[in-house]
A.B. asks: 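What follows is a single structure, and I will ask about it in a moment.
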Amino acid sequence: MMRELHVSLNQTQRVRLQAAFQHISDIGSQASSGLLVSVSDTIPVNNEEGILKGHGTSERDGQVVATLCGVVERVNKLVYVRALRARYKPEVGDIIVGRVIEIAPKRWRLEINFSQDAVLMLQSMNLPDGIQRRRTAVDELNMRSIFEENDVVCAEVRGFQHDGSLHLQARSQKYGKLERGQLLRVPAYLVKRRKQHFHDLEQYGVDLILGCNGFIWVGEHVVPRDNEMVEDQESTLKDKEQSYTQLEIRQNICRIANSVRLLSALGFAISVDAIIDTAEASKSSNIDIKDMLGAEFYVQIAEREVQKRISLLKKKRG
């Protein structure tokens with residue numbers, strides 16, 4: 001798990017960082033979407049007709065005002081306020097990453113950064129042999145050979161139980177145990193729900209999983225295995241012989257992980273594009289992996305974010 005990043009800035013770096021955040025705030029005020037607001041602040045809608053007032057908004061004296069602190073979001077005519085530092089609110093279909101904390105009869109309990117633990121039933125996942133069949137007492141006895149305490153697991157939210165806890169499933173080859181990597185924990189509101197949460201970063205040889213619950217996995221790329229028993233004996237022998245992760249891959253994992261840590265510390269939205277951009281910026285600036293969490297690169301990333309938002313604003317206006 002990652003700890004909160006504390007950066008000690010000198011006077012010049014502090015001034016540069018404050019200027020960068022001020023620019024970001026000014027850019028947000030020019031584009032109503034992305035604007036930070038507090039309670040009773042007016043949300044600019046440019047006198048458009050047919051505006052729909054969503055969550056966190058109200059009308060006062062003909063103007064749209066915020067009823068909670070957060071970020072203004074806009075989808076066509078709908079304007080709403082997304083609360084900052086909100087807790088993770090699970091939805092069916094969410095891709096989550098969790099850690100096994102208990103093995104119970106016919107189920108595993110996982111910590112997933114939620115108010116309650118999640119439950120993964122034995123019948124809700126693929127067995128190691130890949131055969132679809134009824135679970136037996138032997139399968140239950142062999143549960144520890146599948147997942148044990150402290151294992152990191154990727155799964156999907158299937159539904160909610162009567163006590164409010166989450167019910168998970170892992171019936172696809174892309175779900176299951178995660179090995180040879182780092183588990184990072186970031187505020188869940190920084191990870192937006194997207195169509196794709198699994199990313200194969202081919203140029204780094206790294207798999208990246210952005211869990212909707214704020215748990216992010218960065219690990220060595222794993223080729224999905226088919227259920228069919230094809231001539232894989234030679235490849236499995238090679239896998240056993242190469243039971244270690246190459247140095248270059250380990251360095252790439254650390255570089256990607258530090259990019260996530262940096263974006264989280266700055267409070268920027270975490271996406272695969274932002275992570276790759278930060279990693280590439282560190283390489284182009286000849287920043288060592290250990291120096292990525294230093295004060296100078298910290299300020300540089302904030303300044304790069306300003307330039308990106310300025311260019312996006314110009315494209316919208318153009």
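Keep in mind it's a predicted model, so treat the numbers as computed, not measured. Below, all heavy atoms of this structure are taken into account, side chains as well, without hydrogens, waters or symmetry copies. One is the number of the first residue; the rest follow in order along the sequence.
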A.B. asks: Taking only residues two or more places apart in sequence, or in another chain, which ones meet Q63 in a side chain to side chain donor-acceptor pair (under 3.5 Å)?
C.D. replies: none
A.B. asks: Is the closest side-chain heavy-atom distance between L201 and V272 below 4.5 Å?
C.D. replies: yes
A.B. asks: Heavy-atom distance under 4.5 Å between the side chains of Q182 and V260, does that happen here?
C.D. replies: no
A.B. asks: Going by heavy atoms in the side chains, are L68 and H55 under 4.5 Å from each other?
C.D. replies: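 A side-chain contact exists here, since the closest heavy-atom pair is under 4.5 Å.
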A.B. asks: Side-chain contact, heavy-atom cut-off 4.5 Å: F114 with N213?
C.D. replies: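 When only atoms from C-beta onward are counted, N213 and F114 do not touch, as no gap falls below 4.5 Å.
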A.B. asks: Checking side chain to side chain donor-acceptor pair (under 3.5 Å) against S124, which of R171, R158, R135 comes through?
C.D. replies: R158
A.B. asks: Taking the side chain as everything from C-beta on, heavy atoms only, tell me whether L263 gets closer than 4.5 Å to L190.
C.D. replies: no
A.B. asks: Considering all heavy atoms of both residues, which atom of C212 and which atom of R193 are nearest to each other, and what is their separation?
C.D. replies: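 Between these two residues, the closest heavy atoms are SG-CG, 4.0 Å.
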A.B. asks: For F297, what residues pass the ring-ring contact (aromatic ring centres under 6.0 Å, His included) criterion, not counting sequence neighbours?
C.D. replies: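 Partners of F297 under the ring-ring contact (aromatic ring centres under 6.0 Å, His included) test: none.
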A.B. asks: Can you sort out the partners of E156 under side chain to side chain donor-acceptor pair (under 3.5 Å), two or more places apart, ordered by chain and number?
C.D. replies: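 Partners of E156 under the side chain to side chain donor-acceptor pair (under 3.5 Å) test: Y175.
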A.B. asks: Once salt bridge (Lys or Arg N to Asp or Glu O under 4.0 Å) is applied, what residue pairs with a partner in residues 197-213 remain, sequence neighbours excluded?
C.D. replies: none
A.B. asks: Can you tell if the side chain of W108 reaches within under 4.5 Å of the side chain of I146, non-hydrogen atoms only?
C.D. replies: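 Of all side-chain heavy-atom pairs linking I146 with W108, at least one is under 4.5 Å.
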A.B. asks: Find out if a path of hydrophobic residues (ILVMFWY) with successive side-chain heavy-atom gaps under 4.5 Å connects Y298 to I289.
C.D. replies: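 Y298 does not cluster with I289.
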A.B. asks: Between R250 and E220, is there a side-chain N and carboxylate O pair less than 4.0 Å apart?
C.D. replies: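 No, no charged N to carboxylate O under 4.0 Å.
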A.B. asks: How many angstroms lie between atom CD of E140 and atom CG of L122, to the nearest 0.5 angstrom?
C.D. replies: 7.0 Å
A.B. asks: State which residues pass side chain to side chain donor-acceptor pair (under 3.5 Å) with D41; sequence neighbours excluded, sorted by chain then number.
C.D. replies: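 S38.
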A.B. asks: Please check this pair: side chain of S285 against backbone of A281, looking for a donor-acceptor N/O pair closer than 3.5 Å.
C.D. replies: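 At least one qualifying donor-acceptor pair exists.
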A.B. asks: How about N258 and R261: does a side-chain donor come under 3.5 Å of a side-chain acceptor?
C.D. replies: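 Indeed, the side chains of N258 and R261 share at least one donor-acceptor pair under 3.5 Å.
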A.B. asks: Is it true that, when you exclude E248 itself, more than 12 heavy atoms of the residues, nucleotides or ligands shown sit nearer than 6.0 Å to its CD?
C.D. replies: no
A.B. asks: Keeping R74 on the side-chain end and V79 on the backbone end, is there a donor-acceptor pair under 3.5 Å?
C.D. replies: no
A.B. asks: Not counting sequence neighbours, list each pair that qualifies as a salt bridge (Lys or Arg N to Asp or Glu O under 4.0 Å) and has a residue in residues 285-303.
C.D. replies: R16-E296, R16-E303
A.B. asks: Are the side chains of I275 and H199 in touch, meaning some heavy atoms are under 4.5 Å apart?
C.D. replies: no
A.B. asks: Quick one, F268 and L262 - any side-chain contact, counting heavy atoms below 4.5 Å?
C.D. replies: no
